[in-house]
There are 2 protein chains.
Amino acid sequence: MKNRLEELRKERGLRQEELATALSVSRQTIGSLENGRYNPSIILAFRIARYFDMSIEEIFIYEEEYCDEK
Amino acid sequence: MKNRLEELRKERGLRQEELATALSVSRQTIGSLENGRYNPSIILAFRIARYFDMSIEEIFIYEEEYCDEK
DNA sequence: TTTTTATGTAAAGTTCGCTTGACATTTATA
DNA sequence: TATAAATGTCAAGCGAACTTTACATAAAAA
């Protein structure tokens, strides 16, 4: 799954650490999401969407080709 | 997190097993989601939303009171 | 009532999401 | 250049999200 986290964070002039703090996760979690090392839990996805005042679908891009992902 | 899975499934006259097969998960996964034993991964949430032709937000209800969930 | 169908749920195992801690690399600033 | 600030990334550990197997219960149909 792709996402627009880095883009959205930079638009707002935030460091990874600041975003992490705002979302109550670790800096490594933000880095890992931005670099695609893993996907967020749905709870974190909701918190991210709420933080940026957007829908989950506007931030996280699900494409069917990942047909075997869980 | 609450969700409308059971309601949506029954509206469409599906058994848990049929929905599970359509989504490529086990029947127990559907039952566990319907009964709130755990939350879906974001990938599964996307597949469910796509299956019902709805947004994730229309199916899964995130409320801020779950402030410590991950 | 008896049998079948649908659902509930537990146990055990695997992988993933997230943590903390650590250290390397890149980028910016003194 | 040298130092600091921001990011990249690894490892170990924990709990969550799945799996399969199994069995119990509920509801519907014979």
Side-chain angles (χ1 to χ4, degrees):
Chain A
M1 231 188 32
K2 294 182 179 174
N3 70 71
R4 299 174 51 207
L5 257 194
E6 181 172 13
E7 169 196 352
L8 295 169
R9 174 177 63 81
K10 289 186 172 170
E11 277 176 11
R12 283 154 182 81
L14 297 168
R15 284 172 282 134
Q16 288 185 345
E17 181 125 36
E18 291 173 317
L19 179 57
T21 298
L23 295 168
S24 303
V25 295
S26 66
R27 175 182 68 84
Q28 289 84 339
T29 292
I30 300 299
S32 292
L33 295 176
E34 288 189 355
N35 290 298
R37 274 189 291 279
Y38 50 72
N39 297 320
S41 69
I42 192 171
I43 293 289
L44 180 53
F46 266 108
R47 288 216 302 259
I48 291 170
R50 186 161 298 190
Y51 179 83
F52 288 115
D53 198 26
M54 299 171 70
S55 70
I56 290 179
E57 286 87 349
E58 286 172 320
I59 301 177
F60 298 94
I61 317 302
Y62 176 69
E63 302 169 14
E64 202 57 57
E65 51 258 33
Y66 310 104
C67 28
D68 292 329
E69 284 187 40
K70 283 298 162 48
Chain B
M1 230 188 31
K2 295 181 180 176
N3 68 72
R4 300 175 51 207
L5 257 194
E6 180 172 15
E7 168 195 352
L8 295 169
R9 173 178 63 80
K10 289 186 172 170
E11 278 176 11
R12 285 155 179 80
L14 297 168
R15 283 172 283 132
Q16 288 186 345
E17 180 126 36
E18 291 173 317
L19 180 57
T21 299
L23 296 168
S24 304
V25 295
S26 67
R27 173 181 70 83
Q28 288 83 343
T29 291
I30 299 300
S32 292
L33 295 176
E34 288 189 354
N35 288 299
R37 273 188 291 278
Y38 50 73
N39 298 320
S41 68
I42 193 173
I43 292 289
L44 181 51
F46 265 109
R47 289 217 301 262
I48 291 170
R50 186 160 298 188
Y51 179 83
F52 287 116
D53 199 25
M54 299 171 71
S55 71
I56 289 178
E57 286 86 350
E58 287 173 319
I59 301 177
F60 298 94
I61 318 303
Y62 176 70
E63 301 170 14
E64 202 59 55
E65 51 257 35
Y66 310 106
C67 27
D68 292 330
E69 284 188 39
K70 286 295 163 54

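What's counted below: heavy atoms across the whole structure, side chains too, no hydrogens, waters or symmetry copies. In this text the structure is predicted, and so the values were computed from the model without any measurement. Chain naming here is simple, since letters A, B, ... match the order of the sequence lines and numbering starts at 1 in each.
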(message) Going by the rule ring pair (Phe, Tyr, Trp, His ring centres under 6.0 Å), which residues pair with A/Phe60 if we only count those two or more places apart in sequence or in a different chain?
(response) none
(request) Any pair with a residue in residues 6-28 of chain B that passes ring pair (Phe, Tyr, Trp, His ring centres under 6.0 Å), sequence neighbours left out, goes on the list, sorted by first then second residue, please. (result) none
(request) Name all residues meeting the side chain to side chain contact (heavy atoms under 4.5 Å, CB included) criterion together with A/Glu57; count only those two or more places apart in sequence or in a different chain, and write none if there are none. (result)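 A/Glu57 satisfies side chain to side chain contact (heavy atoms under 4.5 Å, CB included) with A/Ser55, B/Phe46, B/Ser55, B/Ile56, B/Glu57 only.
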(message) Tell me every residue that passes side chain to side chain contact (heavy atoms under 4.5 Å, CB included) with A/Arg15, counting only those two or more places apart in sequence or in another chain.
(response) A/Glu18
(request) List the protein contact pattern of nucleotides 25-30 of chain D with one symbol per nucleotide (5' to 3'): B for base contact, S for sugar-phosphate-only contact, - for none; contact means a heavy-atom distance under 4.0 Å. (result) ------
(request) Between protein and nucleotides 23-30 of chain C, map the contacts as a letter string: B base, S sugar-phosphate only, - none, heavy atoms under 4.0 Å, written 5' to 3'. (result) --------
(request) Using the salt bridge (charged side-chain N to carboxylate O under 4.0 Å, His left out) rule, collect all pairs that involve residues 20-43 of chain B, keeping only residues at least two apart or in two chains. (result)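 Listed by first then second residue: B/Arg9-B/Glu34.
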(request) Look at the side chain of B/Glu6 and the base of C/dT7, then say whether one donor and one acceptor between them are separated by less than 3.5 Å. (result)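 No, no donor-acceptor pair under 3.5 Å.
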(request) Using side-chain hydrogen bond (donor to acceptor under 3.5 Å, both in side chains) as the criterion, list what pairs up with A/Ser26, not counting sequence neighbours. (result)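 Only A/Thr29 meet the side-chain hydrogen bond (donor to acceptor under 3.5 Å, both in side chains) criterion with A/Ser26.
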(request) With a 4.0 Å heavy-atom cut-off, tell me which residues in residues 7-16 of chain A come close to DNA chain D, sorted by residue number. (result) A/Arg9, A/Arg15, A/Gln16
(message) Once salt bridge (charged side-chain N to carboxylate O under 4.0 Å, His left out) is applied, do any residues pair with A/Glu6, and if so which ones, sequence neighbours excluded?
(response) A/Lys10
(request) Please list, chain by chain and in numerical order, all residues satisfying salt bridge (charged side-chain N to carboxylate O under 4.0 Å, His left out) with B/Glu7, sequence neighbours excluded. (result) B/Arg4
(message) Over the length of the helix from C/dT1-D/dA30 to C/dA30-D/dT1, how much do the five-pair end axes diverge, rounded to 10 degrees?
(response) 30°
